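Quick caveat, the model's predicted, so the values are computed rather than measured. Every heavy atom of this structure was used, including side-chain atoms; hydrogens, water molecules and symmetry mates were not.
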Amino acid sequence: MLRPATNSNPHATDSGIRLLIADDHVLVREGLAMLLKRLDGICVVAEAGDGEQAVALAHEHKPDVVLMDVHMPVLDGLEATERLTRELPDVRVIGLSMYEGDEISAAMRHVGAAGYLSKDCSATELASIIRRVKTAR
């Protein structure tokens, strides 16, 4: 579902980190959005349910960072990341998967991801990597 996200954080401004969340599981995507909207300096600008939507929404909303699920329908996270980093080189992508392992992390980095996290990570780790990849240009 292509849809912009509204940010319920009254302290969020355009000067914060603009974030797009791409995950094919609605509950995961909405849960991440609710969690991250509460953090100062992070503004969720859009949510996508597959890689093709993620690429389209990234072109529309120009996020600073994209949280990209690796395994999604239509266009998987690897292909979507490769397209995003080629077409929008200022956008930083963080791969996100329920699978831990060096192979997936290496594959995401090979196609241009700036970072990779397992969905087992804590909210603190997630916020930390979002801030870190935004500032590491």
Check for me, please, whether L57 and V74 land in the same ILVMFWY cluster - side-chain distances under 4.5 Å, paths through other members count. no
Closest approach of G95 and A113, non-hydrogen atoms and distance? N-CB, 4.5 Å
M108: which of L78, L117, L96 passes side chain to side chain contact (heavy atoms under 4.5 Å, CB included): L78
I want to check something: taking the side chain as every heavy atom from C-beta on, are V55 and L75 in contact at a cut-off of under 4.5 Å? yes
Out of curiosity, K134 NZ to R18 CZ, how far, rounded to the nearest 0.5 Å? 10.5 Å
Is there a side-chain contact between K119 and S97 (heavy atoms, below 4.5 Å)? no
What verdict does the side chain to side chain contact (heavy atoms under 4.5 Å, CB included) test give for V65 and V91, after you've listed the backbone C-alpha separation in whole Å, the side-chain angles of each residue and the deciding distance to 0.1 Å? CA-CA 6 Å; V65 177; V91 174; over 6 Å; no
Sorted by chain and residue number, the salt bridge (charged side-chain N to carboxylate O under 4.0 Å, His left out) partners of E87 (sequence neighbours excluded) come out as R83
From OH (Y116) to OG1 (T81), nearest 0.5 Å: 11.5 Å
Going hydrophobic residue to hydrophobic residue with side-chain gaps under 4.5 angstrom, can you get from V26 over to V28? no
side-chain contact (heavy atoms from CB on, under 4.5 Å) against A58, all qualifying residues, sequence neighbours excluded: L20, P63, L84, L88
From R132 atom CZ to I130 atom CD1, the distance as rounded to the nearest 0.5 Å: 10.5 Å
Is there side-chain contact between L67 and D23, with heavy atoms separated by less than 4.5 Å? no
Suppose the criterion is salt bridge (charged side-chain N to carboxylate O under 4.0 Å, His left out): which pairs have a residue in residues 72-82, not counting sequence neighbours? E82-R86
Is it true that, when you exclude H59 itself, more than 12 heavy atoms of the residues, nucleotides or ligands shown sit nearer than 6.0 Å to its NE2? yes
Which residues share a side-chain contact (heavy atoms from CB on, under 4.5 Å) with T124, sequence neighbours left out: S122
Among pairs that include at least one residue of residues 103-112, which meet side-chain hydrogen bond (donor to acceptor under 3.5 Å, both in side chains), considering only residues two or more places apart or in two chains? none
Nearest non-hydrogen partners of A46 and H61, listed with the distance: CB-CD2, 3.7 Å
Heavy-atom pair of closest approach, residues C121 and L126: SG-CB, 4.2 Å
Quick one: CG on L35 to NZ on K37, what's the gap to the nearest 0.5 Å? 11.5 Å
Side chains of C43 and V45: does their closest heavy-atom pair fall under 4.5 Å? yes
For L39 and A127, work out which heavy atoms get closest and say how close. CD1-CB, 3.6 Å
Shortest non-hydrogen contact from R29 to A48? CD-O, 3.1 Å
Please find the pair of heavy atoms, one from E52 and one from D50, that lie closest to each other, and give the distance. N-OD1, 2.9 Å
Got I94 and V66 here, is their nearest side-chain heavy-atom distance under 4.5 Å? no
NE2 on H25 to CD on E30, rounded to 0.5 Å: 13.0 Å
According to salt bridge (charged side-chain N to carboxylate O under 4.0 Å, His left out), who are the partners of K62, at least two apart in sequence or on a separate chain? none
Of the options V133, D64, T135, which is the one that meets I17 in a side chain to side chain contact (heavy atoms under 4.5 Å, CB included)? D64
